[in-house]
Number of protein chains: 4
Amino acid sequence: MDKREQIIEIATKLFSERGYENTALSLVCEKANVSKGLISHHFKSKDGLLREIFLKTTQLIVEINRVDKENQTPSEQLIELLDSLFSKLASDKLFFQFNLNVMVQPNTRKVLDDLIKERSSFILKKTKEIFDKIDIENSLVMSHMFIAELDGISLNYLGIYEDFPLEQIKKEIIKKYALQ
Amino acid sequence: MDKREQIIEIATKLFSERGYENTALSLVCEKANVSKGLISHHFKSKDGLLREIFLKTTQLIVEINRVDKENQTPSEQLIELLDSLFSKLASDKLFFQFNLNVMVQPNTRKVLDDLIKERSSFILKKTKEIFDKIDIENSLVMSHMFIAELDGISLNYLGIYEDFPLEQIKKEIIKKYALQ
Amino acid sequence: MDKREQIIEIATKLFSERGYENTALSLVCEKANVSKGLISHHFKSKDGLLREIFLKTTQLIVEINRVDKENQTPSEQLIELLDSLFSKLASDKLFFQFNLNVMVQPNTRKVLDDLIKERSSFILKKTKEIFDKIDIENSLVMSHMFIAELDGISLNYLGIYEDFPLEQIKKEIIKKYALQ
Amino acid sequence: MDKREQIIEIATKLFSERGYENTALSLVCEKANVSKGLISHHFKSKDGLLREIFLKTTQLIVEINRVDKENQTPSEQLIELLDSLFSKLASDKLFFQFNLNVMVQPNTRKVLDDLIKERSSFILKKTKEIFDKIDIENSLVMSHMFIAELDGISLNYLGIYEDFPLEQIKKEIIKKYALQ
DNA sequence: GATGAATGAGTATTCATTCAT
DNA sequence: AATGAATGAATACTCATTCAT
C-alpha cells in the first residue's frame, strides 16, 4: 500500500467535499491513516499537496481529449466529447466541485495560478481545433462561449439549482453545437 | 458615520477580494476602525455578517430586474438586461467574485442555502417570464441554459482567461438571444 | 492583577533560565496562568515578547547609570558603578544570563539588532564620559576594554568557572580603574 | 570523500552561523548531501554530534597552547599566544561564535557540561603556568582576569560593537600583560 | 555504511467568540 | 452602541528519531 498515493486520494475527496480551506490536514491524516509528518515529507506543505492534486485532475482532462479520433468527423468528435463530459458531470460531481472550488477561491487561485493558466489554454486550444475543423466562423470567440456555457452548466447543476434539467440541456447543447 | 454600515461595506470588499474563509474578522475590524465586540453586537457571528451581505447583493439583483419595462418589447428588455449585466461585470468584478465564491464554497453554500435558493429561483422566474413573452419554445430549459451561459461567462472572464473577449461575446449573446 | 505584566515577568524568568529558543510559549502560558491567545493579543508574537523584555532590561541599565552623581568625583562614580554592577551580578544572575544569551544567539541577535545597538552605544557613551572626566588617555579604546572586561567577567562567572573568584576580582578591578 | 567528516564540517559551519537550536538536522543533511539516517548512525543523536564538534574545537585550542616554547621567555610566549588568538579572532569569527554560543545557551551548556569544565580548567592551568613563570603576584586571580578580558573582547567584537577597535585593543593588551 | 519513508510529539500562531466595562 | 482583554480550540508546520531495506 503506497501511503503517498493514499494521501492524495483521501485529500482529493475531502477537498472536493469540504473545500480546501475548510479541510484540516489533521483530518486528511486521520482518514488516510497516516502521520502528520508524512504530508510534509512528501508534499512539503498543504499548498504543495493541492498543486499535486490539481495536476492529477489536469492529466485526467488531457486524457479525455486524447481519445483516438482518427476515424471520426469533427462533429462526431464534439458529440463524443460532450457525451463523456455530461456523463462525468452526472457520475463524478466531486471532480467538478473540486475544480470550480479552487479556481474561484482567491487563495487557491493564487497558489495554482500557473497550473490553471496552462490547463485552460490547453482546453481552449483543443476546442478551437475542433471548431476550426468544423469550419465555424469566429472560432476563437465561439470556443470561449462554448467553454463558458459548459462551465456555467456545471456551476448551476452542481451548486445552484436542485432540479437542474441536465439531460434536456445536454440534448439542446448537442443540437446547437454538433449538428450544424 | 454609521459603523454598522461601515462594517458591511468593508467586509463585502474584503470577502470579495480574499474569500470569506480567508478573511479574519480582526482584519475587518482593523480596516473598518471598529472593535471586535461590535461585529458580534450587530451581526451575532461571522456567518451572520455573511448572510447580511448576501442579502444586500440579492437586493441589488432584484433592483436590476425591477427597472420599469412597461413600454419595452420583451426583446428590448432582454437587451437592456444583458447590457446592464455586462456593464456591471466589467465595472464591478468584485461583486461577481463574491457571489461565485460563496456559492461554490461548500461551507458558505451551506450557511446561505435558503438565501441562495430564494435568489436563484427568483432569477429563473424572471428569465422565464421574458422568454415566455418572446414565445420561446421550451422556455424553462432555455432559461436554465441562458442563466448558465451568463454564469459561465462571468466565471471564465473573472477567474480563468486573462484575455477573455468579453465585448465580442456580449455581441454574440445579444445576437443569439435577443434578436430572434 | 495585570496579566500583561504577569506574562512579561514569567517569560523573563523562563527565557533567562532555559534560553529563549528552548522556552515554549505554552510553558509561559501555563506558568503565568494565561491563555495562548493573550500573548498574541498583547505582543503579537514570541519575538515581540522578547523585544518587550529586552527593552525593559535596557531601562534597568539606564536607571543604574542615572543615579545622582552630582557631588561625587568621577572616581567615586566609577567605584559606585562597579559596586552596583558586581552586587547585581552576584544577586541576580538570571538578569545577566538573559542578556548574554540573547546577544550571542544568532536568531535573537537578529530580532533585537536595533535595540542591542542602541543599548550598547548608550553604555559606551556613558563609560567614555566618565573616563573623559578622569582624564584617561585614549578614552574610547579604554572604554571598550573596560566594558569588555566586565562582560568577560560576567561570562566566566555565570557560565564557565564554578569557583570563579568574584570578590577578589572586584577588588582588582576597582584598584585598576578607579584608583589611578 | 568521508561522509562522516563532511557532516562534522557542515554542521560546525551551520551551528556557528545559525546557532545549535536553530539548525535542523535536515538542513545539515541537505547541505552535506547525506541522508538522515547517517547522522544517527554515526553520532547517535544531535547532541552527540554537538559533543563531537565541541571536542574538535577543544583539540584546536589545545594545539594552539602546545606550540613549542622551549626557547622563549614567558613574556614572549604570552605575546605569541595573544598574537595567534587575535589573528584567529579576526580570521575565523565563526569559531568563536560557536564556542560562545554553546557555552551561554542553557541547553547546550548542560549537554557539554563535562567537556566545558575540562576545557576551561585546561585553559586556566596553562594561563596560570605562564603567569607563575613571569612571577606575577596573585597568579590565579590574575589568570581569571586575563581569560575573562579576552573572552569579553571576543564577545564585544563578535556580537555587540560593529566598530570595535580590535587592533588597538590588541596593542593595549600586549602592553598591559606582556611587557611588564 | 547508507538511504529515506514514516512517526508523533511539539511549536507558534490564528481566530471567532465571549464578556465585563 | 462600543471597546478590547481574554479565551481556547484549531491549524499548519517542524524536527529529532526510528527502522526496514
Side-chain angles (χ1 to χ4, degrees), chain A residues 1-4 6-7 20-29 32-50, chain B residues 1-4 6-7 20-30 32-50, chain C residues 1-4 6-7 21-29 32-50, chain D residues 2-4 6-7 20-30 32-50:
Chain A
M1 177 194 51
D2 189 343
K3 294 211 169 189
R4 192 178 189 280
Q6 188 147 352
I7 292 169
Y20 175 73
E21 319 228 27
N22 199 39
T23 304
L25 286 187
S26 60
L27 183 65
V28 177
C29 292
N33 238 34
V34 144
S35 71
K36 292 191 181 178
L38 199 57
I39 290 184
S40 270
H41 182 62
H42 283 306
F43 308 99
K44 191 85 181 167
S45 71
K46 195 183 179 186
D47 284 353
L49 175 55
L50 176 64
Chain B
M1 176 193 51
D2 189 344
K3 293 209 170 187
R4 191 176 189 279
Q6 186 144 354
I7 293 170
Y20 174 73
E21 319 229 25
N22 198 39
T23 303
L25 285 188
S26 60
L27 183 65
V28 177
C29 293
E30 190 192 322
N33 240 34
V34 145
S35 74
K36 297 211 175 152
L38 199 57
I39 290 185
S40 272
H41 182 66
H42 282 306
F43 307 99
K44 186 87 182 167
S45 72
K46 194 183 180 187
D47 285 353
L49 175 56
L50 176 64
Chain C
M1 175 194 51
D2 189 344
K3 294 212 170 186
R4 192 177 189 279
Q6 188 149 353
I7 292 170
E21 319 229 24
N22 198 39
T23 304
L25 286 186
S26 60
L27 184 64
V28 177
C29 293
N33 237 34
V34 144
S35 71
K36 292 192 181 178
L38 198 56
I39 289 184
S40 271
H41 182 62
H42 283 305
F43 308 100
K44 191 85 180 168
S45 71
K46 194 183 179 185
D47 285 353
L49 175 56
L50 176 64
Chain D
D2 189 343
K3 294 210 168 187
R4 191 176 189 280
Q6 186 144 355
I7 292 170
Y20 175 73
E21 318 228 26
N22 198 38
T23 304
L25 285 188
S26 60
L27 183 65
V28 177
C29 292
E30 190 191 321
N33 241 31
V34 144
S35 72
K36 298 211 174 150
L38 199 57
I39 288 184
S40 272
H41 182 66
H42 281 307
F43 307 98
K44 187 85 180 169
S45 72
K46 194 184 179 186
D47 285 352
L49 175 56
L50 176 63

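Keep in mind the model is a prediction, meaning the values are calculated, not measured. Quick note on labels: first sequence line is chain A, next is B, and so on, each numbered from 1. For the numbers below, each heavy atom of this structure counts, side chains included, while hydrogens, waters and symmetry mates do not.
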**Shortest non-hydrogen separation from C:Lys36 to C:Ser26 and the atoms involved** = CE-CB, 3.9 Å

**Request:** Side chain of D:Ser40 only, please: which of E:dT13, F:dT18, F:dA2 is the nearest?
**Result:** F:dT18

**Asked** Given atom CD1 of D:Ile7 and atom P of E:dA2, what is their separation to the nearest angstrom?
**Response** 8 Å

**Message:** Once rounded to the nearest 0.5 Å, what's the spacing between atom CG of A:Leu49 and atom CD1 of A:Ile39?
**Reply:** 6.0 Å

**Asked** C:Asp2 or D:Glu21: which one's nearest nucleotide on DNA chain F is closer to the 5' end?
**Response** C:Asp2

**Message:** Distance check needed: F:dC15 P versus A:Leu38 CG, whole Å only.
**Reply:** 17 Å

**Request:** Round to a whole Å and report the spacing from NE2 of A:His42 to C1' of F:dC13.
**Result:** 16 Å

**Prompt:** Counting only Watson-Crick or G-U wobble pairs whose two distances fall under 3.5 Å, which nucleotide matches F:dA1?
**Reply:** none

**Request:** Would you mind classifying the nucleic acid contact of B:Leu25 as base, sugar-phosphate or nothing, using non-hydrogen atoms under 4.0 angstrom?
**Result:** sugar-phosphate

**Request:** Return the value, rounded to whole Å, for the distance between atom NZ of A:Lys46 and atom C1' of F:dA10.
**Result:** 12 Å

**Prompt:** How long is the line joining NE2 of D:His41 and P of F:dA20, in whole Å?
**Reply:** 16 Å

**Prompt:** Starting at the 5' end of DNA chain F and moving along, which residue's nearest nucleotide shows up first, A:Tyr20 or B:Val34?
**Reply:** B:Val34

**Request:** Name the closest nucleotide to the D:Ser45 side chain, picking from F:dG4, E:dT13, F:dT17.
**Result:** F:dT17

**Fill in**
NE2 of C:His41 to CZ of C:Arg4, rounded to nearest 0.5 Å, is 9.5 Å

**Asked** Does D:Lys3 put a side-chain nitrogen or oxygen below 4.0 Å from OP1 or OP2 of E:dT3?
**Response** yes

**Request:** Please report, rounded to the nearest Å, how far the P atom of F:dG8 is from the CG atom of C:Asn33.
**Result:** 10 Å

**Message:** Return whichever of D:Ile39 or C:Asp47 has its heavy-atom-nearest nucleotide of DNA chain E closer to the 5' end.
**Reply:** D:Ile39

**Request:** Would you kindly give the NZ-to-P distance between C:Lys44 and F:dA6, to the nearest whole Å?
**Result:** 17 Å

**Asked** How many angstroms lie between atom CG of C:Leu25 and atom CD1 of C:Ile7, to the nearest 0.5 angstrom?
**Response** 9.5 Å

**Request:** Using whole Å, report how far CG of A:Leu27 lies from P of F:dA9.
**Result:** 19 Å

**Fill in**
Ranking A:Gly37 and C:Thr23 by the position along DNA chain E of their nearest nucleotide, the one closer to 5' is A:Gly37

**Prompt:** Between A:Lys3 and A:Ser35, is there a donor-acceptor pair closer than 3.5 Å when you use the side chain of the first and the backbone of the second?
**Reply:** no

**Message:** It should be established whether A:Lys36 places a side-chain nitrogen or oxygen under 4.0 Å from OP1 or OP2 of nucleotide E:dG8.
**Reply:** no

